[in-house]
Amino acid sequence: MGIFDKFKRGLAKTKSVLKTDVRDLFKSEGRLIDDGFLDEMRALLFKTDMGYDSVEEIVAEVAKNFRGRVVTLEDVVATWKDKLSELMAQDASPISFAQNGPTVIMVAGVNGAGKTTSIAKLSKMFVDEGRKVVLGAGDTFRAAAVEQLTIWSDRLGVDIVKEPQGTHPATVAYKAVERAVETSADVCIVDTAGRLQTQKNLMAELTKIQQSIRKLIPAAPHEVLLVLDATTGQNGISQAGKFTEAVDCTGIVLAKLDGTAKGGVVVAIRQQVGLPVKYIGVGEQPEDLALFKPAEFVDALFAEVGVEPAAE
Amino acid sequence: MFEGLQDGLGSALKTLRGKGKLSESNMRDGLKLVEKSLLEADVSFEVVRTFMSRVTEQAVGEKVLKSLNPDEQVVGIVHQALIDLMGPVDHSLHLKGKDEVTVLMMCGLQGSGKTTTCGKLGRMLKESGRKPLLVAADLQRPAAIDQLHVLGEQLGIDVYSDRTNKDPVKVCNAALKEAKKLGVDVVILDTAGRLHVDDELMGQLTNIDRQCGPDQALLVVDGMTGQDAVNSAKAFNQALELDGVVMTKLDGDARGGAALSVKQVTGVPIKFIGTGEHLDALEEFHPDRMAGRILGQGDILSLVEKAQREFDQDEMLAQEEKMRKGEFTLDDFRKQLGQITKLGPMQKVMGMIPGMGGMMDSLGDDVDPEADMKRLFGIIDAMTAEEKRNPTKVIDQSRRRRIAAGSGVQPNEVNDLVKQFDAMAQMMTAMAGKGIKERMKMAREMQASAMGGGALTKKKQGTGKRLTPKEKAAARKARMKEARRRKRGG
């Protein structure tokens, strides 16, 4: 299944809702771009969670281009897309693998963002690419979190390093990397317990986990992925900022994009923190992970408006 | 930020007033700030819109425009309107008598915090003398059943699960039968997280609802949810006719505007909020406090309530008596600080004090209030009894050096502490015997003035102003002149 199909499948459910909304803006052929129109447009854009500043920028752009003119839906949507792509300003950004030795990937995020499921999906992707994976069950805090990851490792047939609940996660991380080196695995994914970005001690713990990984491989972790729930609102900016401060995140995995939420806060995050989106989660199955392609994301956001993107 | 909003409004309206009369259109400009603040707090756009039109009507009234402090008035109107929108409160789970079984059903999106909330509710019910049973009806997520069992064990609460059954409807039915056997009086169904657009799973939820007939269907909503909160809440409400909402993860810095959206679209009360990962972190929902939070104001009432719970009342009275007599010593100061630390992590405590939340941010990351607190304790502990009793008079340079060496700090930190204590003692003495309202006012004033120097304050910074050579020469000349004058005068 093409990545774009996955995108569309995820967003298909929202189509009917938005379609009517956007079509309502254009009752007949073309419409005069006036304050009333701009305000209705504002309402639509806000629903994506892209944030106040991004919305106002897009509205200003449309106003600048078309105010006082009668234009068609396609004209306006093209401007939205252009401006949004400009705001996103990133290319597809897959995992960058280490030159030699295992590539260590650390996964972090707030509680319930979807870290464990995302790890399962990443593992599946690596296994399908023919890479050998070791998982580190670093969430030793939440009840049954280790069991949850173990079940996934069994299903996917990958190695897992685990310690009893309550073990310091830095120990688990160290041992996982150690195992990856010993067994000459290609990828080592280290899970961490969910934590709110305002919990200073827990954020310091995260830094410590990172440091313990570096004891074995100084250049590791090669990727630090922040898992972000697509339903998250403007708090996502704070999450991205504070997690990046603690462990230098390299990118975002945008989970749960198969609901009605659009995950637009990544636009605001890109603007304010600079963190790019690497992958998106579009379902509960292990294969429901796709490389994030900005152009397609933007297209998919507006696909329901009736402007079909060019085929892949 | 609440102060931020008020300041913003204040300055916006002031500049407008400076240009002439405060008019309706000027006021509308000021209200844009309110709108922005709400949107940044993740209140749904539609809700913001209806809300703003209601508030605007009041704000542009004669009474506000002609008042002396329109900015305060506007913030007041907004605050009250938010409270009205989120109220009325209903914290009751409407439990039936202990001889009957009350069924509570939890539902929500994946990762909203259902299982943890089940544990918290179970704990709360057990504490109030009930006998709850947790039911593992989440057969979707790997190890969800284990998670509930672990929680049940921690809390000493029975957990029902059936790993062989793949149908949650049957599991719930069997659990209800089991409940009667076990003699429990509340059953909490922990259903799997599901997307509101997943028709199949939503249908399953409706089935559980129909067959088990829960007395209360509670929706668990992540407090960090954005604009999408309206969509999911609407769908769950249509499928289940919700009775209440629990908002989770509100111990972070999310402003929680989703509370407004959810209340608006479902019409059911928000009953509880989750404020931490620990199983006792479940609090009753208060619209007035939430309103403050959405506007970025602190949560002073929760703090006061917590303080009343945690502080040793006798100790408090004894100290107040001392203050009134002006006998407040560093020892008492240390005791007070100790009581404050009992309230929880300083970050959290400070965040609850209006205006302090923002200040904590401005302190930057190199300031760690916990460590600061410990250092203060260290300094005080390094003093003699006499020094503690009368620090301002007794502590001279050599004593200061000794205390600093004894507590591993720089001498100027000892000085800062003494200064801060002095300012505080004066204020405390003045405060003793006054009502809570006056005290809060004084505390605010102190915040503005006395926070110079000492711990928990901004690091010293340059004034950013360097004297020009000309100014330096002038200053030198003045100094010389003064010296000469003194010499002459003898």
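Please read these numbers as outputs of a predicted model, since none were measured by experiment. Any value given below was found using the heavy atoms of this structure, including those in side chains, with hydrogens, waters and symmetry copies removed. So you know, we letter chains A, B, ... as the sequences are listed, proteins then strands, and number each from 1.
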Q. Taking atom CG of Asp251(B) and atom CG of Asn111(A), what is their separation to the nearest 0.5 Å?
A. 8.0 Å
**Q.** Top of Gln165(A), Glu147(A), Gln148(A), Gln239(A) for chain B proximity - count of heavy-atom pairs under 4.5 angstrom
**A.** Gln148(A)
Q) Which bit of Gln154(B) is near chain A, if near means a heavy-atom gap under 4.5 Å: side chain, backbone, both or neither? A) neither
Q | Thr48(A) and Gln227(B), any side-chain heavy atoms less than 4.5 Å apart | A | no
Q) Is the count of non-hydrogen atoms from other residues, nucleotides or ligands lying under 6.0 Å from Glu153(B) atom CD greater than 12? A) no
Q. So how far is it from Leu109(B) CG to Asp229(A) CG, rounded to the nearest 0.5 Å?
A. 8.0 Å
Q: May I ask you to list the residues in residues 144-152 of chain B that approach chain A closer than 4.5 angstrom, counting heavy atoms only, ordered by number?
A: Asp146(B), Gln147(B), Val150(B)
Q) Regarding Asp253(B) and Thr198(A), is there a side-chain donor-to-acceptor distance under 3.5 Å anywhere? A) no
Q) If you count heavy-atom pairs under 4.5 Å with chain B, which of Gln199(A), Arg142(A), Gln197(A) comes out on top? A) Arg142(A)
Q: Verify the distance criterion only: is there a donor paired with an acceptor across the side chains of Thr231(A) and Asp228(B) at less than 3.5 Å?
A: no
Q) chain B: which of Ala143(A), Gly114(A), Gly51(A) shares the most heavy-atom pairs with it under 4.5 Å? A) Ala143(A)
(Q) Donor-acceptor check, side chain of Lys249(B) to backbone of Leu196(A), threshold 3.5 angstrom: yes or no? (A) no
Q | Ala143(B) versus Ile151(A), closest heavy-atom pair with distance | A | N-CD1, 3.6 Å
Q: Could you tell me which portion of Val146(A) (side chain, backbone, both or neither) has an atom closer than 4.5 angstrom to a non-hydrogen atom of chain B?
A: neither
Return all side-chain donor-acceptor pairs below 3.5 angstrom for residues 41-50 of chain B, not counting sequence neighbours, or 'none' if the list is empty.
residue	atom	partner	partner atom	Å
Asp42(B)	OD1	Gln234(A)	N	2.8
Asp42(B)	OD2	Gln234(A)	N	2.9
Ser44(B)	OG	Glu46(B)	N	3.4
Ser44(B)	OG	Val47(B)	N	3.4
Glu46(B)	OE2	Lys47(A)	NZ	3.4
Arg49(B)	NH2	Asp39(A)	O	3.4
Arg49(B)	NH2	Asp39(A)	OD1	3.4
Arg49(B)	NH2	Asp39(A)	OD2	3.0
Thr50(B)	OG1	Glu46(B)	O	3.1
Thr50(B)	OG1	Val47(B)	O	3.1

Q | Least distance between heavy atoms, Asn235(A) atom then Met224(B) atom | A | OD1-SD, 3.1 Å
Q. Is chain B contacted by the side chain of Tyr52(A), its backbone, both, or neither, given a heavy-atom distance below 4.5 Å?
A. side chain
Q: Look at atom NZ of Lys263(B) and say whether more than 12 heavy atoms of other residues, nucleotides or ligands are closer to it than 6.0 Å.
A: yes
